[in-house]
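Inspection log for the structure reproduced underneath, given as C-alpha cells.
Atom set for the values below is all heavy atoms of this structure, side chains included, hydrogens, waters and symmetry mates excluded.
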There are 2 protein chains.
Amino acid sequence: MSKYDSGKDEKYAEMFKALSNPHRLKIFLRLACCGPEGMACKKDNICECVGDLSGNLGIAQSTISHHLKELHRAGLISTRRNGQRIECWVDKGILGKLSDFFKTPAPD
Amino acid sequence: MSKYDSGKDEKYAEMFKALSNPHRLKIFLRLACCGPEGMACKKDNICECVGDLSGNLGIAQSTISHHLKELHRAGLISTRRNGQRIECWVDKGILGKLSDFFKTPAPD
DNA sequence: GTCATACTTCGACATATTACGAAGTATAGA
DNA sequence: TCTATACTTCGTAATATGTCGAAGTATGAC
C-alpha cells in the first residue's frame with residue numbers, strides 16, 4: 001500500500017472519482033479489455049468508440065463524450081481522431097499504477 | 001484486469017466513489033498504513049480515531065463521522081466501539097481485491 | 001446522579017455531478 | 001458544394017455530495 005503521501009493522493013483521488021461512476025467504470029473496463037494495454041480502440045475489433053458506447057450502454061452520445069473527457073482528465077485514457085471517429089485506449093502503465101497503489105505495505 | 005462483469009462493477013464503483021474524496025482517501029490510507037492489514041486503530045499507536053482525524057485533517061468531527069460511514073458502506077473499513085472511542089481498521093483482504101481488480105488481463 | 005468526553009444524527013446550504021436534447025463543429029463522400 | 005455521419009459544446013434541470021454547527025446519544029469518572 002502506498003505510504004501516506006498527500007502529494008500523489010490528490011491524483012489518485014481524481015482517478016478514483018473518474019472510476020466512481022458506473023457508466024465510466026464500464027467504459028474504462030471495455031477499453032481495458034479491448035486487448036493489450038494501450039491498444040487503440042478499433043472499429044473492426046470488439047471495441048467501441050463514442051457512438052457504439054452510446055448505443056451499447058444506452059446513454060446519449062453527448063453524455064459518453066463527457067465521460068470520456070472525464071476519464072481523460074484523470075489520466076486514465078487517451079483519445080485521437082481518425083477520420084470521423086474518435087479512437088480511445090487505456091493509457092499505458094495505468095493499470096499497473098492503480099494495482100500497485102493498493103499493494104500491501106512493506107512494514108515501515 | 002477484471003473482465004467486463006456488470007454485476008461486480010457496481011460494487012467496485014462504490015468503493016472508488018468512497019476513495020474519490022481526498023479526505024476519505026487520506027483517512028483510508030492512514031488506516032491502511034496503521035500496520036498490518038486489518039489491524040485495529042489503537043490510541044497508543046500512530047493511528048487515529050474520529051477526534052484525532054478531525055484534528056489532524058482540520059475537518060469537523062461530524063464530517064469525519066460521515067466519511068467513516070461512507071467508507072464502511074463501501075465495504076472498505078470496519079469500526080467498533082471501545083469505550084468512548086471508535087476503533088477503525090481497513091477490512092481484511094480489501095487491499096488485495098482492489099489491487100487485483102487492476103491486474104493486466106489474461107488475453108481473451 | 002452529574003459532568004465531561006467522544007461520537008452520531010439532523011438540518012441547512014453551497015457546490016458538484018449526471019444526464020438530456022439542441023445546436024455547433026469536423027470529416028468523408030457524392 | 002451539399003449532405004450525411006460522428007462527435008462536442010451548450011444550456012438546463014434533477015439529484016448527490018461535502019461541509020458545518022447544533023442538538024442528541026453513549027460511555028467513563030467522580
Practice item. Starting from P on D/dC7, measure out to NE2 on A/His72 and report it in whole angstrom. Key: 17 Å
**Study point:** Phosphate OP1/OP2 of D/dG28: any B/Arg85 side-chain N/O under 4.0 Å
**Key:** no
Exercise for review: Provide, to the nearest angstrom, the distance between the CZ atom belonging to B/Arg73 and the P atom belonging to C/dT8.
Suggested key: 15 Å
Review point. If you look at every strand shown and take non-hydrogen atoms under 4.0 Å, does B/His67 touch a base, only sugar-phosphate, or nothing?
Key: sugar-phosphate
Check your understanding: Looking only at side-chain N and O atoms, does B/Lys69 come under 4.0 Å of OP1 or OP2 in C/dC7?
Key -> no
Check your understanding: Phosphate oxygens OP1/OP2 of D/dG18: is one of them under 4.0 Å from a side-chain N or O of B/Arg24?
Key -> yes
Practice item. For B/Glu14 and D/dA16, give me the distance from atom CD to atom C1', rounded to whole Å. Key: 14 Å
Study note, to complete from the structure: Of the candidates C/dA19, D/dC20, D/dT9, the side chain of B/Ile59 sits closest to D/dC20
Check your understanding: Could you state the CD-P distance from B/Glu70 to D/dT17, rounded to the nearest angstrom?
Key -> 7 Å
Review point. Is any side-chain N or O of A/Asn21 closer than 4.0 Å to OP1 or OP2 of C/dT18?
Key: yes
Check your understanding: So which nucleotide from D/dG21, D/dT8, C/dT8 ends up closest to the side chain of B/Ala60?
Key -> D/dG21
Review point. If only side-chain N and O atoms of A/His23 are considered, is one of them under 4.0 Å from the OP1 or OP2 phosphate oxygen of C/dA19?
Key: yes
Exercise for review: Check the distance between D/dA23's P and B/Gln61's CD and give it to me in whole angstrom.
Suggested key: 16 Å
Exercise for review: Report yes if a side-chain nitrogen or oxygen of B/Lys17 is closer than 4.0 Å to either non-bridging phosphate oxygen (OP1 or OP2) of D/dT17; otherwise report no.
Suggested key: yes
**Study point:** Of the listed nucleotides C/dA19, D/dT8, D/dC20, the one nearest the side chain of A/Ile86
**Key:** D/dT8
Point to revise | Side chain to side chain, B/Glu70 and B/Ile27, heavy atoms closer than 4.5 Å | key: no
Review point. Hey, are the side chains of A/Leu68 and A/Arg24 touching, using non-hydrogen atoms and a 4.5 Å cut-off?
Key: no
**Study point:** Test log, rule ring-ring contact (aromatic ring centres under 6.0 Å, His included), inputs B/Phe101 and B/Phe16
**Key:** CA-CA 11 Å; B/Phe101 184 78; B/Phe16 297 139; 5.6 Å; yes
Exercise for review: Compare the minimum distances between each of C/dT18, D/dG21, C/dA22 and the side chain of A/Ser62, then state the nucleotide with the smallest one.
Suggested key: C/dA22
Review point. Separation of A/Leu57 atom CG from C/dA19 atom P, in whole Å?
Key: 10 Å
Check your understanding: Can you check the B/Leu68 CG to D/dT19 P distance for me, whole Å?
Key -> 13 Å
**Study point:** Heavy-atom side-chain contact between B/Leu76 and B/Asp91 under 4.5 Å
**Key:** no
Practice item. Mark up nucleotides 24-30 of chain C, 5' to 3', with B wherever a protein heavy atom is under 4.0 angstrom from a base atom, S wherever such an atom reaches only the sugar-phosphate, and - elsewhere. Key: ---BS--
Practice item. Check whether any side-chain heavy atom of A/Ile77 lies under 4.5 Å from a side-chain heavy atom of A/Phe28, and answer yes or no. Key: yes
Review point. Going by heavy atoms in the side chains, are A/Leu19 and A/Leu71 under 4.5 Å from each other?
Key: yes
Check your understanding: Are any of the side-chain heavy atoms of B/Asn56 and B/Arg30 separated by less than 4.5 Å?
Key -> yes
Practice item. Indicate whether the side chain of B/Ser99 and that of A/Ser99 have a donor and an acceptor atom separated by less than 3.5 Å. Key: yes
Point to revise | Touch class at under 4.0 angstrom, heavy-atom based, for B/Ile64 against every strand present | key: nothing
Study note, to complete from the structure: Rounded to whole Å, CZ of A/Phe16 lies from P of C/dT17 at a distance of 17 Å
Review point. Does D/dT19 have OP1 or OP2 sitting under 4.0 Å from an N or O in the side chain of B/Thr63?
Key: no
